[in-house]
Amino acid sequence: MAIRELTTTPEDYGFFGPGSPTWKVWTSPTALVGFQRSVVLEHFDPDLTAAVADQRGIYTDPVGRLDRTLAYFLTVAVADGRTAVEASDFLMKVHAKATGIEPVSGKRYSANNPASQLWIHVTGWHSVLKCYEKYGPGPLTPDEERRYWAESVLAAELQTCKPSDVPASRDDVRDYFATVRPALCTSERANEGMHYLLRVPRGKGSARFWWASRFMAPATIATLPKWMRELGGFDQPGVLDRAVVPAARLAVRASSSPKAKLAILSGALPMTRRTLAAHVRAEPPVRAETVTPAQVRERLEASRVSPAK
């Protein structure tokens with residue numbers, strides 16, 4: 001996926017800005033574990049599994065898929081508004097080509113289906129926050145958490161989700177998971193995809209990420225409910241769940257500086273590294289303001305029609 005990269009002189013602060021819980025959570029080292037968690041969870045949606053399997057990218061380039069997807073979510077979180085909107089529009093065009101027949105149900109699927117897009121969005125924002133709480137600084141303050149979920153609702157405007165369906169609180173997220181659980185399932189292709197992303201096979205990415213995925217996998221699995229672990233065929237002993245927590249917390253503390261975070265991504269997730277590097281090195285924006293997706297689209301539309309006047 002080719003997306004417009006961040007520049008060191010952004011047009012604005014994007015949708016959230018300095019001091020926002022979104023900037024804090026999505027730029028933490030824990031976001032790597034959280035995102036591994038979210039892309040694994042995507043496979044419990046049979047339509048998404050079919051879309052990924054038909055494209056075959058997960059099997060030929062699992063690291064590339066993780067890198068492109070994480071770079072996109074990070075762009076939405078920290079880029080200026082124009083960059084985020086243009087990245088979203090490009091991604092929607094890519095997803096528009098991912099259609100076909102889901103082999104188990106025989107029904108037609110589309111990667112841009114609002115229900116599937118909502119699953120991607122909720123699992124992403126929830127997973128990254130969950131791992132931030134478990135392995136990073138800990139829970140957000142009540143005010144920060146309210147703001148985080150409000151910012152999640154705003155970010156969802158860039159996808160095909162119905163705004164009224166997007167969870168706006170932790171309780172809403174729990175209700176959402178309870179509602180969709182009966183429709184979640186697994187299959188041979190789903191399990192293959194999940195295992196590829198948990199422990200990337202040798203030769204399917206850089207040696208650094210081959211090692212890193214094996215370090216992250218136990219931490220990722222430890223955050224998942226038992227029924228998901230058993231259904232996906234990647235359960236692990238409770239003693240490992242407990243042992244991985246202090247090890248992961250120590251690793252996060254050691255990699256929390258901007259220099260350390262960029263070093264970890266170097267050679268492993270190049271697109272994500274470029275996105276984070278532009279954010280870390282960014283100068284003050286041209287306009288010191290936050291924007292909404294609607295405002296950005298209005299400006300882009302105005303810029304397209306103004307030359308004809």
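Because the structure is a prediction, the values reported are computed rather than measured. Position 1 is the first residue of the sequence, and the numbers go up from there.
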**Q** Testing the basics here: between Ala251 and Phe215, what is the closest heavy-atom pair and its distance to 0.1 Å?
**A**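 Nearest pair, atom of Ala251 first, then Phe215: CB-CZ, 4.0 Å.
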**Q** So does Val39 get a backbone contact from the side chain of His43, meaning a donor-acceptor N/O pair under 3.5 Å?
**A**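 Confirmed, His43 side chain pairs with Val39 backbone.
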**Q** Linking I/L/V/M/F/W/Y whenever their side-chain heavy atoms sit closer than 4.5 Å, directly or via other members, would Ile221 and Trp227 fall into one cluster?
**A**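 Yes, it is one cluster - the side chains of Ile221 and Trp227 are joined through contacts under 4.5 Å.
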**Q** Given side chains that start at C-beta, do those of Thr30 and Val128 come closer than 4.5 Å, heavy atoms only?
**A**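 No, their side chains stay 4.5 Å or more apart.
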**Q** Looking only at non-hydrogen atoms, find the nearest pair between Ser213 and Arg199 and report the distance.
**A**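 That closest heavy-atom pairing would be OG-CA, 3.7 Å.
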**Q** Before giving the answer on side-chain contact (heavy atoms from CB on, under 4.5 Å), spell out for Thr22 and Trp125 the whole-Å C-alpha distance, their side-chain angles and the decisive distance to 0.1 Å.
**A** CA-CA 9 Å; Thr22 291; Trp125 282 71; 3.4 Å; yes
**Q** Inspect the contact between Arg297 and Glu301 and indicate whether a charged nitrogen and a carboxylate oxygen are less than 4.0 angstrom apart.
**A**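 No, Glu301 and Arg297 are not salt-bridged.
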**Q** Parallel, tilted or perpendicular: which fits the ring planes of Phe234 and His195, with parallel below 30° and perpendicular above 60°?
**A**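 Perpendicular: the ring planes of Phe234 and His195 meet at over 60°.
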**Q** Within the 4.5 Å heavy-atom criterion, are Lys130 and Val173 side-chain neighbours or not?
**A**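 Contact flag for Lys130/Val173 side chains = no.
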**Q** State whether a side-chain donor-acceptor pair under 3.5 Å links Ser152 with His121.
**A**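 There is such a pair (donor and acceptor under 3.5 Å, judged by atom type) between the side chains of Ser152 and His121.
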**Q** Evaluate side-chain contact (heavy atoms from CB on, under 4.5 Å) for Phe35 paired with Leu74, printing each intermediate quantity in order.
**A** CA-CA 10 Å; Phe35 214 76; Leu74 186 59; over 6 Å; no
**Q** May I ask you to test the Phe15-Val291 pair for a side-chain heavy-atom distance under 4.5 Å?
**A**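 Phe15 reaches Val291 side chain to side chain.
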**Q** Side-chain heavy atoms under 4.5 angstrom apart, residues restricted to Ile, Leu, Val, Met, Phe, Trp, Tyr: same cluster for Leu300 and Val76?
**A**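 Linked, Leu300 and Val76 end up in one cluster.
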**Q** Backbone N or O of Phe16 within a donor-acceptor pair of the Thr290 side chain at under 3.5 Å?
**A**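 Side chain of Thr290 to backbone of Phe16: no pair is present.
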**Q** Group every Ile, Leu, Val, Met, Phe, Trp and Tyr by side-chain heavy-atom contacts under 4.5 Å, then state whether Leu250 and Leu240 land in the same group.
**A**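 Unlinked, Leu250 and Leu240 end up in two clusters.
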**Q** Taking the six-membered ring for Trp, are Tyr13 and Trp23 parallel (under 30°), tilted (30 to 60°) or perpendicular (over 60°)?
**A**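 Tyr13 vs Trp23 ring planes: perpendicular.
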**Q** Minimum heavy-atom separation for Leu198 and Ala217, please, with both atom names.
**A**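 The pair with the smallest heavy-atom distance is O-CB, 3.4 Å.
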**Q** Is a side-chain N or O of Thr75 found less than 3.5 angstrom from the main chain of Ala71, in a donor-acceptor match?
**A**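 A pair under 3.5 Å: yes.
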**Q** Between the main-chain N or O of Gly124 and the side-chain N or O of Ser127, is there a donor-acceptor pair closer than 3.5 Å?
**A**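 Pair absent, no side-chain N/O of Ser127 close to backbone of Gly124.
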**Q** Enter the distance from Leu32:CG to Thr272:OG1 here, rounded to the nearest 0.5 Å.
**A**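 Rounded to the nearest 0.5 Å, the CG-OG1 separation comes out at 7.5 Å.
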**Q** For Ser20 and Gly17, work out which heavy atoms get closest and say how close.
**A**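 Shortest heavy-atom contact: OG-O, 2.8 Å.
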**Q** Do the side chains of Met216 and Phe209 get nearer than 4.5 Å, heavy atoms only?
**A**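 Yes, at least one pair of side-chain atoms sits under 4.5 Å.
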**Q** Pair Trp149, Glu145 - check side-chain contact (heavy atoms from CB on, under 4.5 Å), show working.
**A** CA-CA 6 Å; Trp149 291 116; Glu145 182 164 334; 3.6 Å; yes
**Q** For the residue pair Val25 and Ala31, what are the closest heavy atoms and their distance?
**A**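 Looking at all heavy atoms of both residues, the closest pair is O-CB, 4.1 Å.
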**Q** To the nearest 0.5 Å, how far apart are CG in Leu224 and NZ in Lys226?
**A**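 Between atom CG of Leu224 and atom NZ of Lys226 there are 11.5 Å.
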**Q** Would you mind reporting whether Thr49 and Ser187 have side-chain heavy atoms less than 4.5 Å apart?
**A**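 Of all side-chain heavy-atom pairs linking Thr49 with Ser187, at least one is under 4.5 Å.
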**Q** Can you confirm if the aromatic rings of Tyr176 and His126 lie within a centre distance of less than 6.0 Å?
**A**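 Aromatic pair excluded; centres sit 6.0 Å or further apart.
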**Q** How far does CG of Leu41 sit from CD of Gln36, to the nearest 0.5 angstrom?
**A**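 It comes to 10.5 Å.
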**Q** As an exercise, state the distance from CG of Asn191 to CG of Leu231, rounded to the nearest 0.5 Å.
**A**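 Going from CG on Asn191 over to CG on Leu231, the span is 7.0 Å.
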**Q** Do the side chain of Arg229 and the main chain of Gln236 share a donor and acceptor less than 3.5 angstrom apart?
**A**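 Flag set: sc Arg229 to bb Gln236 pair under 3.5 Å.
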**Q** Report yes if some heavy atom in the side chain of Phe44 is under 4.5 Å from a heavy atom in the side chain of Met194; otherwise report no.
**A**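 Side chain of Phe44 against side chain of Met194, heavy atoms only: contact under 4.5 Å found.
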**Q** Rounded to the nearest 0.5 Å, what separation is found between the NZ atom of Lys24 and the CZ atom of Arg147?
**A**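 So the NZ of Lys24 and the CZ of Arg147 are separated by 9.5 Å.
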**Q** Verify, without hydrogens or angle tests, whether Arg37 (side chain) and Thr223 (backbone) share a donor-acceptor contact under 3.5 angstrom.
**A**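 Side chain of Arg37 to backbone of Thr223: a pair is present.
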**Q** Assess the residue pair Leu129 and Leu140 against the criterion (side-chain contact (heavy atoms from CB on, under 4.5 Å)); give the C-alpha distance rounded to whole Å, side-chain angles, the decisive distance to 0.1 Å, and a yes or no.
**A** CA-CA 9 Å; Leu129 178 59; Leu140 301 175; 3.8 Å; yes
**Q** Whether the side chain of Tyr132 engages the backbone of Ser28 through a donor-acceptor N/O pair (distance < 3.5 Å, no angle test) should be reported.
**A**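 Answer holds: no.
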**Q** Got Val244 and Tyr135 here, is their nearest side-chain heavy-atom distance under 4.5 Å?
**A**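 Result yes, sub-4.5 Å side-chain heavy-atom pair found.
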**Q** I'd like to know if the side chain of Glu230 and the backbone of Asp235 have a donor-acceptor N/O pair within less than 3.5 Å.
**A**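 Pair absent, no side-chain N/O of Glu230 close to backbone of Asp235.
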**Q** Okay, side chain of Asp12, backbone of Gly81: is any donor-acceptor separation there less than 3.5 Å?
**A**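 Pair found, side chain donor or acceptor close to backbone of Gly81.
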**Q** Return the OG1 to CG distance between Thr69 and Leu269, rounded to the nearest 0.5 Å.
**A**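 Answer rounded to 0.5 Å: 10.5 Å.
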**Q** Counting distance only, does the side-chain N/O of Arg214 pair as donor-acceptor with the main-chain N or O of Val200 below 3.5 Å?
**A**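 Checking the backbone N and O of Val200 against the side chain of Arg214, a donor-acceptor pair under 3.5 Å is found.
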**Q** Nearest heavy-atom pair of Ala260 and Ala254: which atoms, and what distance?
**A**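 Between these two residues, the closest heavy atoms are CB-O, 4.0 Å.
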**Q** Side chains of Ile120 and Phe73, heavy atoms from C-beta outward: is any pair under 4.5 Å?
**A**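 Side-chain contact under 4.5 Å: yes.
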